[in-house]
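A short write-up of the structure that comes next.
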Amino acid sequence: MIGEHVLAGYVHDAGGREALDLARGIVALTGGRLSVATVHPPDLPAAAGEARAVLDQLADLLDGRPADLIVQEGRSVGRGLTVLASRIGADLIVVGSPEGGARGRIGVGAAADHLLHSATEAVMLTPSGYTPPDELGRITVMYVRRPQCDEAVIRASQAAERLEVPLRLVTLAIGDVPADPLRDDLALAIRLAVDSADLLPEEVTAELAEGDDVAEALADVDWPEGELLVCASSEDAAAHRVFVGEVALKMLRAAPCPVAVLPRGYY
């Protein structure tokens, strides 16, 4: 299950604080290890000192929770985070949304864009203004019948079992696509989820999210507090890397909850 070692990418703004809060919440659920990193440009000693000063101010935000505070050099924030995650063995990178975006929605800044197209670890994005709830309410998997999504269903069902939360599978039905084949695919995915973990059939639900575009389809289903959305990488992703296509990127920007994107072939 992802979250055994969480790396929060921290910058000194609201998005950085929200990413750190979400990373702390994930670690509280999984009992995993937390690392927090600030990335600075290479060959600039002053920048490294500023990065260290930023991390030294995190005591109040960490609220006594142990964490490794790391200053990382990198030509970009995204590249620095994925290099660091590989070095320290993190399995999840959490980043926030840049300031100025729509509240309650994910903004894809430069760091997130890099991670979403090259990270070797799972990537979780935090909506602007997000405050983690006291408890996780449900895990939702965005499902299309293909091997990468089947892998996501298997991992999410195992996480739902361990965390004792229900699992939901959602398929987008955009425009006038026939609904019956999509419902048949969801029925098979429910069986896969039940067979992959010790979940009762009533603990796994499935819904079609219908609309004329991605945002309208996502608004067609409910998103209560405590939701976590999981999606697989695109078929275009290299093995063991994250890569999201155009539709997935639209889904990320319209999602009202944190979204975790799994690398292709994630086990």
Distance-minimising heavy-atom pair for L252 and L116: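 Minimum heavy-atom separation between L252 and L116: CD1-CD1, 3.7 Å.
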Heavy-atom closest contact (Q57 atom, A53 atom, distance):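 In this case the closest contact between Q57 and A53 is CG-O, 3.3 Å.
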Taking [X] first and then [Y], would you say they form a salt bridge - that is, a charged N and a carboxylate O separated by under 4.0 Å?
X    : Y    : value
D13  : R17  : no
R145 : D184 : no
R168 : D222 : yes
E151 : R155 : no

Strictly distance-based, threshold 3.5 Å: is any side-chain N or O of [X] a donor or acceptor partner for the main-chain N or O of [Y]?
X    : Y    : answer
T38  : V11  : no
R24  : L61  : yes
T140 : L169 : no
R162 : T30  : yes
S233 : L262 : yes

Euclidean distance, S35 OG relative to L81 CG, rounded to 0.5 Å: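 That separation rounds to 11.5 Å.
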From CG (D21) to CD1 (I26), nearest 0.5 Å: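 Reported to 0.5 Å precision, the distance equals 12.0 Å.
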For residues 210-221, run the donor-acceptor check on the side chains, cut-off 3.5 Å, and write out each pair with its distance to 0.1 Å, sequence neighbours left out.
| unit_1 | atom_1 | unit_2 | atom_2 | d |
| --- | --- | --- | --- | --- |
| D213 | OD1 | A215 | N | 3.3 |
| D213 | OD1 | E216 | N | 2.7 |
| E216 | OE2 | D212 | N | 3.1 |
| D220 | OD2 | E210 | N | 3.1 |

Within 45° cone of W223 ring axis and under 6.0 Å: R105 NZ or CZ: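 No, R105 does not lie over the aromatic ring of W223.
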Residue pair E121 / S86, side-chain donor-acceptor N/O under 3.5 Å: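 Present: a donor and an acceptor within the cut-off.
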